[in-house]
Visitor: 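This is the structure I have questions about; it appears just below.
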Amino acid sequence: IRDYLFIDDAIDAYLLLAQTNIKEGENGIFNFGGSSIISVEDLVKKIIKISGKNLTIRKVAEEREGEIDSQYVSFSKATKLLKWKPKINLDEGLKKTLLWYTSYFK
């Protein structure tokens, strides 16, 4: 399980943070997430669906040592103090990403 954040939202978040005056003594650590918590398998299924390809997922049976099963962040502090939240949802971000790669590798 992972949380995915579209690159434009990540850039906007860090630019906003760089322009914000954090007062001395305040914790300047912020998490930025996409609120798109999803399993890798379900993410791949979404990518296949968006691509329109007829593909199947081939799973690897072995697990990687030290792999974290579920990893995502709370960006409530960023929403509260910076008035930030992601603008691009997972499906829209995947479509934009697929279009970019399709155009780039033509």
Side-chain angles (χ1 to χ4, degrees):
I1 306 290
R2 296 290 185 265
D3 183 13
Y4 295 90
L5 177 64
F6 190 66
I7 187 65
D8 291 357
D9 284 331
I11 291 168
D12 288 346
Y14 284 107
L15 288 174
L16 178 61
L17 182 58
Q19 297 168 3
T20 301
N21 186 15
I22 304 296
K23 296 175 185 161
E24 190 171 328
E26 288 184 347
N27 180 339
I29 298 170
F30 288 83
N31 292 319
F32 301 109
S35 68
S36 298
I37 301 167
I38 187 171
S39 71
V40 174
E41 181 177 355
D42 287 342
L43 178 70
V44 172
K45 287 177 182 177
K46 278 183 173 288
I47 293 168
I48 291 170
K49 184 177 180 181
I50 290 169
S51 75
K53 304 286 182 185
N54 185 16
L55 303 171
T56 56
I57 299 172
R58 184 180 59 163
K59 294 183 184 182
V60 178
E62 65 185 58
E63 290 189 26
R64 294 183 356 195
E65 185 178 327
E67 183 70 28
I68 299 170
D69 290 334
S70 185
Q71 184 174 341
Y72 51 91
V73 299
S74 167
F75 58 89
S76 60
K77 179 179 173 183
T79 300
K80 182 179 176 184
L81 298 178
L82 303 176
K83 309 296 186 241
W84 178 88
K85 65 180 181 179
K87 297 175 186 166
I88 300 171
N89 67 36
L90 181 62
D91 288 344
E92 183 183 350
L94 289 174
K95 288 174 187 173
K96 287 178 178 239
T97 302
L98 183 63
L99 284 172
W100 184 90
Y101 274 101
T102 302
S103 174
Y104 184 81
F105 286 108
K106 269 191 173 174

Visitor: Do Val73 and Ile11 sit in the same hydrophobic cluster, where Ile, Leu, Val, Met, Phe, Trp and Tyr count as joined when their side-chain heavy atoms come under 4.5 Å apart?
Guide: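 No.
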Visitor: Identify the heavy atoms of Leu5 and Pro86 that sit nearest to each other, and give their distance.
Guide: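 Between these two residues, the closest heavy atoms are CD1-CB, 4.1 Å.
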Visitor: Can you see which heavy atom on Lys77 is nearest to which on Ile29, and at what distance?
Guide: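 Here Lys77 and Ile29 meet closest at NZ-O, 2.8 Å.
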Visitor: Under 4.5 Å between side-chain heavy atoms, counting indirect links through other Ile/Leu/Val/Met/Phe/Trp/Tyr residues: same cluster for Ile50 and Trp100 or not?
Guide: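 Unlinked, Ile50 and Trp100 end up in two clusters.
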Visitor: Please find the pair of heavy atoms, one from Glu92 and one from Lys87, that lie closest to each other, and give the distance.
Guide: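 Smallest heavy-atom distance, with atoms named: OE1-O, 4.5 Å.
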Visitor: Working to the nearest 0.5 Å, report the span between CG of Leu16 and CZ of Phe30.
Guide: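 It is 9.0 Å, given to the nearest 0.5 Å.
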Visitor: Is Ile7 close to Thr97 at the side-chain level, that is, under 4.5 Å between some pair of heavy atoms?
Guide: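 When only atoms from C-beta onward are counted, Ile7 and Thr97 do not touch, as no gap falls below 4.5 Å.
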Visitor: Determine the sole option in Phe75, Tyr72, Tyr14 for which the ring pair (Phe, Tyr, Trp, His ring centres under 6.0 Å) test with Phe32 is passed.
Guide: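 Of all the options given, the one that passes is Tyr14.
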Visitor: Report the distance from atom CG of Leu82 to atom CG of Asp12, rounding to the nearest 0.5 Å.
Guide: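 Nearest 0.5 Å value for the CG-CG distance: 12.5 Å.
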Visitor: For Leu90 versus Ser36, what's the shortest heavy-atom pair and its separation?
Guide: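 Minimum heavy-atom contact is CB-OG, 3.4 Å.
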Visitor: If hydrophobic clusters are built from ILVMFWY residues whose side chains come within less than 4.5 Å, do Phe6 and Val44 share one?
Guide: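 No, Phe6 and Val44 fall in different hydrophobic clusters.
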Visitor: Do Ile57 and Val40 share a hydrophobic cluster, counting only Ile, Leu, Val, Met, Phe, Trp and Tyr and linking them when any side-chain heavy atoms are less than 4.5 Å apart?
Guide: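 Same hydrophobic cluster.
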Visitor: Would you give the length of the straight line joining atom CG of Asp9 to atom CD1 of Ile88, rounded to the nearest 0.5 angstrom?
Guide: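 Here the interatomic distance stands at 5.0 Å.
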Visitor: For Leu94 and Leu43, what are the C-alpha separation, side-chain angles and deciding distance, and is it a side chain to side chain contact (heavy atoms under 4.5 Å, CB included)?
Guide: CA-CA 9 Å; Leu94 289 174; Leu43 178 70; 3.9 Å; yes
Visitor: Mind running side chain to side chain contact (heavy atoms under 4.5 Å, CB included) on Ile1 and Ile37 for me, showing each step along the way?
Guide: CA-CA 7 Å; Ile1 306 290; Ile37 301 167; 3.2 Å; yes
Visitor: Working to the nearest 0.5 angstrom, can you tell me the gap between Ser39 OG and Arg2 CZ?
Guide: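 Rounded to the nearest 0.5 Å, the OG-CZ separation comes to 10.5 Å.
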Visitor: Quick one: pull up CG in Asp91 and CD1 in Ile47 and give me the separation to the nearest 0.5 Å.
Guide: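 It is 10.5 Å, given to the nearest 0.5 Å.
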Visitor: If you round to the nearest 0.5 Å, how far is NZ of Lys45 from CD1 of Ile38?
Guide: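 The NZ atom of Lys45 is 9.5 Å from CD1 of Ile38, to the nearest 0.5 Å.
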